[in-house]
Amino acid sequence: MARLDPHSYADDTHPRTKTFDWQASVDFAKRVLEAEITLHFAAPASGGPLDLDTRGLHIEAVQDAKGGALAYTLHAADPILGSRLEISVPAGAPSVRIRYRTSPDASALQWLTPEQTLGKQHPYLFSQCQAIHARSILPCQDTPSIRQTYTASLSVPASLRAVMAAAPVAHEVRGDRSVERFEMPQPIPPYLFAFAVGNLASKDLSPRSRVWAEPAQLEAAAWEFEHVEDHLRAAEALFGPYDWDRFDLLVMPPSFPYGGMENPRLTFLTPSLLAGDRSLVNVVAHELAHSWTGNLVTNSTAEHFWLNEGFTVFAERRILEALEGPEMATLHAAIGHQKLQQTFELFAARPELTKLRTQLTGVDPDDAFSIVPYEKGYLFLKALEAAAGRSAFDGLLTKWLGAHRFGAVTTDDFVTLVEREEPGLLARVDAKAWIDSPGLPANYPKPESARLGAVLALAGRVPTAAETKGWGATEWVLYLEAMPRPSSLAICEELDKTYALTKATNPEVLVSWLTLACESGDANVLPRVEELLGQTGRMKYLKPLYRALAGRAETKPLAQSLFAKLRDQYHPIAQQVVSSLLK
Ligand SMILES: CC/C=C\C/C=C\C[C@@H](O)/C=C/C=C/C=C\[C@@H](O)CCCC(=O)O
Ligand SMILES: [Zn+2]
């Protein structure tokens, strides 16, 4: 018996799921899915146990392919992993079928009332499975090391649409219900299983891309993401053919906990990207880049998350460089570097979580999550690119993607490939320190440029109008993130009086400003902070603001009272993460 993943009960001596068929009926009144799943094995079972991951599922029946009952045990829940569903599978069995019901507080799902949506007329339901939440939707081997294809059939109220990170194949209306069928032909890790149900409409952006949104937001979304085909072409020029057929976008409700989620064929995006100036489309570039780094070549467990995210930030900034020039890519890298330094301070008590390769047994991935795998992983790849030269490094990247296409990888797989293709390169950048030591090695490639230096030189004082001439959101975020914390109340007051930052419409600028002001004890911004925390559920915004409020004695009670009031409108993942940081 050998567990494949510290966050899964999947065992490499058990039958391996190759594909599954999932039927579910969405019950908005009870906030549950009534469902049945048939797991088809890669080879007939040899006879013995099959351990599946579940969380909060009410199991009604477990059967063989002919409908005969199979013995099973649903073990007590582990606080991080959920409950092991142990099934006795007879020798020769090709599949198992499980009928079950999800729990109203399934950790992957957020159920929204009509009032919590933009249109206020219809309910909404969406999923977020990364890293280990798919098991709250369906019993499965919930580890990226077992990739699975699937078919799905979703029964929803006829007034709503269901969309899925899969290929739609049929849509039938039957009275007051409609049944939408999907197929996912490419094998995916379970964390990329995703769907949404709501009052949705779509608009084509290119032959292989459309945007879905609530009707009132569709035109704004289509304008913001109009140039998605340029991103696709730039990415294919860099990384090779796009393997997923469609690259559709779904603009989520404001409570969506992340900036984006790279669900294949249907990327989920926070509505906070609809800035009206296309200044935040780097997130689309990031999610698109995952089509190669993360979705095609996938970390085998969360302990190698940097293989997903460090590579994707590197790829995102190469797309940005191709479309907007090296200066913009460098500015984004500089913001990431600033936030990385802040994160090292936040993780001072848990430096082991700032290694690239982590040990996460007994650690909840959502609690370990930070930008370290993103930005430290990016800097490590930049160090390799600088040492090898861009052409040689691009050759490495091509070989990496080709060698592990539709596969699951570990850090050792990357080390082995680089050592084989470019002997000595890893030693030249002290790869061991990057991978297995906390923080950054002394020789790391700090993002630098003239424009960047000019912005950073202003940190600590209020810039003049002349000095900020031509600044966009990126320069303002970089300046605000580089400001000493706490800054003086005099500086905060002058900044806001001069530049009306509390009225900023760009969410990145607004949150960087409000966080600085809260960390500096500037009570003038508190009404806007309270308003914003009620308008978004994106953890990138919730975490720094709640942490800033909780970090000062005079505003800690406000952090707690606000969270008590607002928590139900946040996704279950955000509720758990913010609750942990307020402890
Ligand atoms: C050391 C790493 C430990 C765990 C990593 C594995 C999974 C973390 C889990 O919490 C899932 C994260 C999902 C992230 C989805 C989107 C992000 O890439 C975007 C985050 C930033 C943003 O909101 O823009
Ligand atoms: Zn990502």
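Residues take their numbers from the sequence shown, with the count starting at 1.
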A.B. asks: With rounding to the nearest 0.5 Å, note down the distance linking OH in Y541 to CG in L532.
C.D. replies: 8.5 Å
A.B. asks: May I ask you to check whether S255 and Q116 show a side-chain donor-acceptor distance below 3.5 Å?
C.D. replies: no
A.B. asks: Do D142 and H7 have side-chain atoms, one donor and one acceptor, less than 3.5 Å apart?
C.D. replies: no
A.B. asks: Hey, could you give me each pair passing salt bridge (Lys or Arg N to Asp or Glu O under 4.0 Å) that has a residue in residues 240-250? Not counting sequence neighbours.
C.D. replies: R210-D248, D243-R405, D245-R265, R246-D248
A.B. asks: side-chain contact (heavy atoms from CB on, under 4.5 Å) for R174 and V179? Distances and angles first, verdict last.
C.D. replies: CA-CA 8 Å; R174 293 179 193 157; V179 176; 3.7 Å; yes
A.B. asks: So, E309 and H290: side-chain donor and acceptor under 3.5 Å apart, yes or no?
C.D. replies: yes
A.B. asks: Can a donor-acceptor pair be found between the side chains of D21 and T151 at a distance below 3.5 Å?
C.D. replies: yes
A.B. asks: How close do Q141 and P15 get, counting heavy atoms only, and between which atoms?
C.D. replies: NE2-O, 2.9 Å
A.B. asks: Return yes if some donor-acceptor pair links the side-chain N/O of E214 with the main-chain N/O of G119 below 3.5 Å, else return no.
C.D. replies: yes
A.B. asks: Hey, does the side chain of R55 reach the backbone of I132 with a donor-acceptor pair shorter than 3.5 angstrom?
C.D. replies: yes
A.B. asks: Locate the shortest heavy-atom distance separating T117 from P123; write the atom from each residue and the value.
C.D. replies: CG2-C, 4.5 Å
A.B. asks: Please answer whether the main-chain N or O of L33 pairs with a side-chain N or O of T102 as donor and acceptor at a distance below 3.5 Å.
C.D. replies: yes
A.B. asks: What distance separates M184 CE from M164 CE, expressed to the nearest 0.5 Å?
C.D. replies: 10.0 Å
A.B. asks: Which atom names give the shortest non-hydrogen contact between D366 and Q130, and what distance separates them?
C.D. replies: OD1-O, 4.4 Å
A.B. asks: Return yes if some donor-acceptor pair links the side-chain N/O of S127 with the main-chain N/O of F195 below 3.5 Å, else return no.
C.D. replies: yes
A.B. asks: Answer with yes or no whether the side chains of W306 and T411 bring together a donor and an acceptor at under 3.5 Å.
C.D. replies: yes
A.B. asks: Any non-hydrogen side-chain atom of F28 less than 4.5 Å from a side-chain atom of L160?
C.D. replies: yes
A.B. asks: Donor-acceptor pair, distance only, cut-off 3.5 Å: does the side chain of E236 make one with the backbone of R233?
C.D. replies: no
A.B. asks: Given F126 and F256, is the ring-ring contact (aromatic ring centres under 6.0 Å, His included) satisfied, shown in steps?
C.D. replies: CA-CA 9 Å; F126 69 85; F256 186 65; 5.7 Å; yes
A.B. asks: Cation-pi check, R208 to W244: give yes when NZ or CZ is under 6.0 Å from the six-membered ring centre and within 45° of the ring axis, no otherwise.
C.D. replies: no
A.B. asks: Could you go through L296 and F239, starting from their C-alpha distance and side-chain angles, then the distance that decides it, and tell me whether this counts as side-chain contact (heavy atoms from CB on, under 4.5 Å)?
C.D. replies: CA-CA 11 Å; L296 198 62; F239 314 122; over 6 Å; no
A.B. asks: Just wondering, do R177 and P157 contact through their side chains at under 4.5 Å, heavy atoms?
C.D. replies: yes
A.B. asks: Compare all side-chain heavy atoms of V363 with those of T358 and state whether any distance is below 4.5 angstrom.
C.D. replies: no
A.B. asks: Ignoring hydrogens, what is the shortest heavy-atom contact between L192 and N263? Give both atom names and the distance.
C.D. replies: O-OD1, 4.0 Å
A.B. asks: Hey, could you give me the CG/OG1 distance between N295 and T298, rounded to the nearest 0.5 Å?
C.D. replies: 6.0 Å
A.B. asks: Answer yes or no: is there a side-chain heavy-atom contact under 4.5 Å between H40 and K18?
C.D. replies: no
A.B. asks: Considering the options T38, I37, V62, L70, which one meets the side chain to side chain contact (heavy atoms under 4.5 Å, CB included) requirement together with R97?
C.D. replies: T38
A.B. asks: Let me confirm one number: the OH-OG distance from Y9 to S83, rounded to the nearest 0.5 Å.
C.D. replies: 6.5 Å
A.B. asks: Could you tell me if S206 and E229 have a donor-acceptor pair between their side chains, going purely by distance under 3.5 Å?
C.D. replies: yes
A.B. asks: Who pairs with K399 by salt bridge (Lys or Arg N to Asp or Glu O under 4.0 Å), at least two apart in sequence or on another chain?
C.D. replies: E421
A.B. asks: Within a reach of under 6.0 Å around NZ of K203, are more than 12 heavy atoms found that belong to other residues, nucleotides or ligands?
C.D. replies: no
A.B. asks: Looking at every non-hydrogen atom in both residues, tell me the closest pair between L288 and A235 and how far apart they are.
C.D. replies: CD2-CB, 3.9 Å
A.B. asks: Taking K120 for its side chain and P114 for its backbone only, find out whether a donor-acceptor pair lies under 3.5 Å.
C.D. replies: no
A.B. asks: Main chain of T19, side chain of T149: is a donor-acceptor contact present, judged purely on distance under 3.5 Å?
C.D. replies: no
A.B. asks: Any donor-acceptor pair under 3.5 Å linking the side chain of T301 with the backbone of D5?
C.D. replies: no
A.B. asks: Give a yes-or-no answer on whether the side chains of T13 and D11 include a donor-acceptor pair shorter than 3.5 Å.
C.D. replies: yes
A.B. asks: Would you check if K543 and F369 make a side-chain contact, meaning some heavy-atom pair closer than 4.5 Å?
C.D. replies: yes
A.B. asks: Would you find a donor on one side and an acceptor on the other, under 3.5 Å apart, between the side chain of Q569 and the backbone of G534?
C.D. replies: yes
A.B. asks: Would you indicate whether the side-chain heavy atoms of V372 and F305 approach each other to under 4.5 Å?
C.D. replies: no
A.B. asks: Tell me whether Q121 at atom CD has more than 12 heavy atoms from other residues, nucleotides or ligands lying less than 6.0 Å away.
C.D. replies: no
A.B. asks: Given the rule in the side-chain contact (heavy atoms from CB on, under 4.5 Å) test, do I98 and I59 qualify, once you have shown the distances and angles that lead to the verdict?
C.D. replies: CA-CA 7 Å; I98 302 155; I59 305 297; 4.1 Å; yes
A.B. asks: Looking at R101, is its backbone amide N or carbonyl O close enough to the side chain of H58 to form a donor-acceptor pair, meaning the two atoms are under 3.5 Å apart?
C.D. replies: no
A.B. asks: Do you know which two heavy atoms are closest between I146 and A10, and how far apart they sit?
C.D. replies: CD1-CB, 4.2 Å
A.B. asks: Would Y124 and Q110 count as a side-chain contact (heavy atoms from CB on, under 4.5 Å) if you check the C-alpha gap in whole Å, the side-chain angles of each, and the deciding distance to 0.1 Å?
C.D. replies: CA-CA 8 Å; Y124 199 112; Q110 186 166 16; over 6 Å; no
A.B. asks: Centroid-to-centroid, F311 to F414, below 6.0 Å?
C.D. replies: yes
A.B. asks: Under the criterion ring-ring contact (aromatic ring centres under 6.0 Å, His included), which of W22, F182, F193 is the partner of Y150?
C.D. replies: F193
A.B. asks: Between V577 and L542, is any pair of side-chain heavy atoms under 4.5 Å apart?
C.D. replies: no
A.B. asks: Distance only, no hydrogens: is a donor on one side chain within 3.5 Å (strictly under) of an acceptor on the other, for S300 and S145?
C.D. replies: no
A.B. asks: Is the number of heavy atoms from other residues, nucleotides or ligands under 6.0 Å of K30 NZ greater than 12?
C.D. replies: no
A.B. asks: Do R161 and S202 have side-chain N/O donor and acceptor atoms under 3.5 Å apart?
C.D. replies: no
A.B. asks: Let me see the working for D412 and T410 under side chain to side chain donor-acceptor pair (under 3.5 Å), right down to the final yes or no.
C.D. replies: CA-CA 5 Å; D412 279 346; T410 66; 5.1 Å; no
A.B. asks: With rounding to the nearest 0.5 Å, note down the distance linking OH in Y191 to CD in Q128.
C.D. replies: 10.5 Å
A.B. asks: Please confirm whether F225 and H231 have ring centers closer than 6.0 angstrom.
C.D. replies: no
A.B. asks: Quick one: CG on L81 to CZ on R135, what's the gap to the nearest 0.5 Å?
C.D. replies: 6.0 Å
A.B. asks: Is there side-chain contact between R181 and E172, with heavy atoms separated by less than 4.5 Å?
C.D. replies: yes
A.B. asks: Please work out whether the ring planes of F314 and Y378 are parallel, tilted or perpendicular, with thresholds of 30° and 60°.
C.D. replies: tilted
